[in-house]
Amino acid sequence: MENSPKTMSSLMCELSVALADLAEKMSNLAINLENHYLDSDAEEPAALMEAARSTIEKARSN
């Protein structure tokens, strides 16, 4: 079954929009999880917290 180029183009546009939306939602989720982790009252060694902050900052800059 062949799809017309117009139909395929339309589907690709829909896919692009859906993927952009998913990427934004995943980014928001990651930020919320990072903030929750950094704001938690869990007792962790200072070096571990600093390593986590460093990793998060590196990920944000990419």
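- With values rounded to the nearest 0.5 angstrom, Leu15 atom CG is found 11.0 Å from Ser10 atom OG.
- For the atom pair Leu48 CG and Arg53 CZ, the distance stands at 10.5 Å (nearest 0.5 Å).
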Using a 3.5 Å cut-off and no angle test, enumerate the donor-acceptor pairs between side-chain atoms of residues 16-26 and protein atoms at least two apart in sequence or in another chain.
{"residue": "Asp21", "atom": "OD2", "partner": "Lys25", "partner atom": "NZ", "Å": "3.2"}

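- Remark: Lys6 pairs with no residue by the side chain to side chain donor-acceptor pair (under 3.5 Å) rule, at least two apart or across chains.
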